[in-house]
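What you see is a predicted model; the values in this text were computed from it and never measured. Values reported hereafter were calculated over all heavy atoms of this structure, with side chains retained and with hydrogens, waters and symmetry mates removed.
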Amino acid sequence: MRILTGNDLKSGAVVWWDGSDWSLHVDHAVDVGDRAEEIAAREEAARRVNVPYAIEAQRDDNGVRPAHIKDRVRALGPTVRPDLTLKPSDAQAGNWVI
Amino acid sequence: MTESPAPGTDTVAGVSPDDVQFRFREDEMADHAQVTVDAFLEQADAAAVRIEPGDDARALIPHLERLKLAEVNFPAFGDGRGYSSARILREAGYAGELRAVGDVLVDQLGYMRRCGFDSFAPDAPIAASDAEAALARWPHVYQNAADARRTIPEARHE
Amino acid sequence: MYAYDQYDQAMVDARVAEFRDQAQRRLDGKLSEDQFKPLRLMNGLYLQLHAYMLRVAVPYGTLDSRQMHALAEIADKYDRGYGHFTTRQNIQYNWIRLEDAADILADLAKVEMHAIQTSGNCIRNISSDHFAGAAADELIDPRPYAELLRQWSSFHPEFSYLPRKFKIAVIASDTDRAAMKLHDIGIQIVRNDAGAIGAAFYVGGGMGRTPMIAPCIREFVALDQLVTYAEACLRVYNRHGRRDNKYKARIKILVHELGAQEYAAQVEAEFAHLLDQGVEPPLAELERIATFFADPPFEDDAATEIDRSDPDFALWVDRNTHPHKTPGYVSAVISLKPVGGIPGDASADQMHLMAELAKDYSFDECRVMHTQNIVLPHVKIADLHALWSKLDEAGLGSPNLDTVEDIIACPGLDYCSLANARSIPVAQKIQQRFADSGRTAELGELKLKISGCINACGHHHAGHIGILGVDRKGTENYQLLLGGSEAQDTSLAKITGPGFDEDGIVDAVEKATDVYLSNRADGERFLDTYRRIGMAPFKEALYD
Ligand code: SF4
């Protein structure tokens, strides 16, 4: 699937397009198919997102997994600071990135 | 080369006086067609030149007495060669109009003024109030440059 | 330490106001990201993997306790309670909101700090010897010259849109602790045969994609022509540096393509011209700046003996202190490299503590080292035990300066959007391996440096052992390099061969150290043995 990501303009937080809004959780990301550019342009113009871009990802039983490691790090947070990731209570969360 | 190309051919490369948005000079705006640096050097009667980033502004120094308008192009704001071109001309004593054209942004006006530019023809017009604020931004300056501002080190030791 | 006067303060305040306006225009949509990006970068604000990142300048690495406390407060108030000290003696915050950025700059301005030109294609923060003003082996304190250049380079009207970033380091001893020859301009303050103090200029060094050691282009520039000569170096670069390819835009490529001699000749011509242009600030300005760097009131007959009966303390003293020019004093290094920690990271609490210790034990001064540690430059030997006890209690007493545990690591893929691979976990695993095997002490001085990509923020080319993270078909892979140095014997490390995965690189480092241990001659460091026996025995051990 093709999903859309970017950073929140004000906070810089990593966000994912969930079909109607921007979510902090990659698992909420929806397949945007060939509408990536259109959505990105509209949302960026409205300043709801900063530097959006489309990436490849896969949905499986555990959720949505971006194809590239960089976006998996973005989705989770720094693997060396589990306490600051989106899954602070899951000590093994970093393994998902690799 | 046997013949100098005449104005009106491809050597003419400048913006028109109408495009000039800000000007910090009292004299009449020069009404000469700007030609490329190469053409300027060849045409003994040329009085206005357009300097591209890769041009050597020093080549103009022997001809400053006929130079009335030097237009420095910034095709992209991040290409800072034009700042050096401007200072080189001012350091050589050029006192005519020095015009910055192209991708000239409000946040660069202050630096450009310091390098000796005294007229501006930005591709995208800048709001007059924004330009005024940008030019009034810096209460002091650290370096000597093409403007006559007293520098901080000078102020500290006078 | 340098203190702002009303002019310096007014400039920094104006910058805060300017940036507040720029950030607001971005938030209001009057600036596009493309237009805003160079403006925020000139204020050290990046967009990184997880959020905005703010890089704050620490000019020549020097901080007083008030400033260190302020850095801690910023970490608590605007970030997540910590900061990262970098190889350019700066500090970075990883979780900054654009909305807060101008307020942070305003808080910094209150303690005479800023983020001016900590990114962008301009002259960056000037770095220097972290033992400046303290080292027994220095000619003179290099920081007044660094401060003079800081002022000259701040808001420079001609050199704010250079072909690429531009880094300057200033040192004043024959021992190079600032990687001087790996900078765009490295300046060594020297004394000439006539006994006069001046500056030797090394231009065109750098790491990154095409590492190069800077050649000396002038052996002596008089002190009252220092700024003019720097201006000439920059003008030649601004005019002729390549702008067609960002990977070839650094000055090292220009110097290399022209040849050092031709580049030097062009600089000479420009210099001769600029000497008549009134570029140089009055010499009185340099003298004014120098007064701020006068020695603190050292005690004349401070004790030089200490009780070494506690072996942990004795080890720390041996490892983490450096000879001082004044008898009875040393410079003491606070290691930010605890085993398993994040190299260069410090929590707000740790920063507060380091600030207090600087105040209590080091004439209110501390320094950021390019090795991502902190120095207390002027500590009385008699105070060392008290200092060490407090550090040890706070987990800041690792006795590992310049050992294999004192790893330089860039943020890598855990934080950096340019990264190919993570650096920090590799550093942690290597530290752990050697801490467990107990070999750290036996290996002696061993500088290990890790970068998460070719940009080389982790100085991997200059490591006795270097590690470079690369992307191998979407997975992290690590190349091993051997034989680099950023000291006075500057050399560039060479790649051993094919890369390794994360566990493989840890094994590979260990194997390389085994080769050293079984080959070393008396008194040889890892680097010396490598230089003597060459790459072959290492390759054999690694790949056969
Ligand atoms: S070396 Fe590369 S990965 Fe590491 S901090 Fe620099 S740019 Fe980022």
Side-chain angles (χ1 to χ4, degrees), chain B residues 53-58 61 74-88 90-93 103-117 124 126-127 130 133-134 136-158, chain C residues 5-8 10-11 13-15 17-18 21-22 25 30-31 34-36 38-39 42 120-122 148 150-163 227-228 231 234-241 243-244 270 273-274 276-289:
Chain B
D55 289 338
D56 181 8
R58 286 225 155 87
I61 291 176
F74 290 82
F77 70 85
D79 188 335
R81 286 177 281 187
Y83 295 91
S84 289
S85 299
R87 282 193 74 182
I88 283 167
R90 289 302 189 212
E91 285 167 4
D103 195 12
V104 172
L105 307 177
V106 63
D107 298 283
Q108 301 175 311
L109 293 179
Y111 288 151
M112 288 180 170
R113 284 290 283 145
R114 296 223 63 214
C115 287
F117 287 104
I126 297 169
D130 289 348
R137 175 73 71 197
W138 300 100
H140 311 287
V141 295
Y142 280 116
Q143 316 80 2
N144 264 304
D147 54 2
R149 291 186 72 173
R150 188 185 64 159
T151 67
I152 291 171
E154 285 162 356
R156 280 173 177 151
H157 298 285
E158 64 188 11
Chain C
D5 64 1
Q6 88 252 29
Y7 297 109
D8 298 309
M11 294 300 278
D13 291 344
R15 180 60 145 206
E18 180 188 51
D21 171 60
Q22 290 165 343
R25 281 191 279 144
K30 289 186 195 150
L31 287 176
D34 281 349
Q35 292 169 326
F36 181 56
L39 304 176
M42 290 220 190
N121 293 336
C122 51
L148 185 74
R150 181 191 76 82
Q151 297 186 25
W152 159 75
S153 61
S154 295
F155 319 110
H156 197 292
E158 185 177 342
F159 305 137
S160 289
Y161 294 91
L162 295 168
V227 165
T228 309
E231 182 122 341
L234 264 296
R235 179 174 287 174
V236 172
Y237 170 55
N238 190 44
R239 297 186 71 210
H240 302 301
R243 293 180 187 259
D244 57 331
E270 193 67 61
H273 160 74
L274 286 172
D276 298 331
Q277 295 296 329
V279 169
E280 195 73 26
L283 195 55
E285 176 60 7
L286 184 57
E287 287 157 8
R288 183 193 75 92
I289 292 171

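Note that CH2 of B:Trp138 is 6.0 Å distant from OH of B:Tyr111, once rounded to the nearest 0.5 Å.
Ranked by non-hydrogen atom pairs under 4.5 Å with chain B, the options C:Pro281, C:Ser160, C:Pro163 are led by C:Ser160. Chosen from C:Glu280, C:Arg25, C:Gln277, the residue pairing most often with chain B at heavy-atom distances under 4.5 Å is C:Gln277. For the set B:Ala155, B:Ser85, B:Ala145, the count of heavy-atom pairs under 4.5 angstrom toward chain C peaks at B:Ala155. The choice from C:Arg235, C:Arg15, C:Gln22 that makes the most heavy-atom pairs within less than 4.5 Å of chain B is C:Arg235. Most heavy-atom pairs under 4.5 Å with chain B, from the set C:Asp276, C:Leu234, C:Leu39: that is C:Leu39.
Of the two parts of C:Glu287, neither the backbone nor the side chain holds a non-hydrogen atom closer than 4.5 Å to a non-hydrogen atom of chain B. Contacts of B:Gln143 with chain C are made by side-chain atoms alone, with heavy-atom separations under 4.5 Å and no backbone atom involved. No part of C:His240 comes within reach of chain B, as not one of its non-hydrogen atoms sits under 4.5 angstrom from that chain. With a threshold of 4.5 angstrom between heavy atoms, B:Arg58 approaches chain C through its backbone and through its side chain. In this structure, chain C has heavy atoms under 4.5 Å from both the backbone and the side chain of B:His140. Heavy atoms of B:Thr151 lying under 4.5 Å from chain C are absent altogether. In this structure, the portion of B:Val106 lying under 4.5 Å from any heavy atom of chain C is its side chain and not its backbone. If you measure heavy-atom distances from C:Asp34 to chain B, the contacts under 4.5 Å come from the backbone alone.
By the 30° and 60° cut-offs, the orientation of the rings of C:Tyr161 relative to B:Tyr83 is parallel. Aromatic ring orientation, C:His156 versus C:Trp152: perpendicular (interplanar angle above 60°, classes split at 30° and 60°).
Nearest heavy-atom pair across C:Met11 and B:Ile152 is CG-CD1, 3.8 Å. Considering all non-hydrogen atoms of both residues, C:Arg239 and B:Ala57 come closest at NH2-N, 3.7 Å. Closest non-hydrogen pair, B:Pro153 versus C:Glu285, comes out as CB-CG, 4.1 Å.
By the 4.0 Å N-to-carboxylate-O rule, B:Arg137 lies close enough to C:Asp21 to be salt-bridged with it.
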Inset, instruction - Could you go through the salt bridge (charged side-chain N to carboxylate O under 4.0 Å, His left out) check for B:Arg81 and B:Asp55 one step at a time? - result: CA-CA 9 Å; B:Arg81 286 177 281 187; B:Asp55 289 338; over 6 Å; no
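Using modelled atom types, one finds no donor on one side chain facing an acceptor on the other under 3.5 Å when comparing C:Asn238 with C:Glu158.
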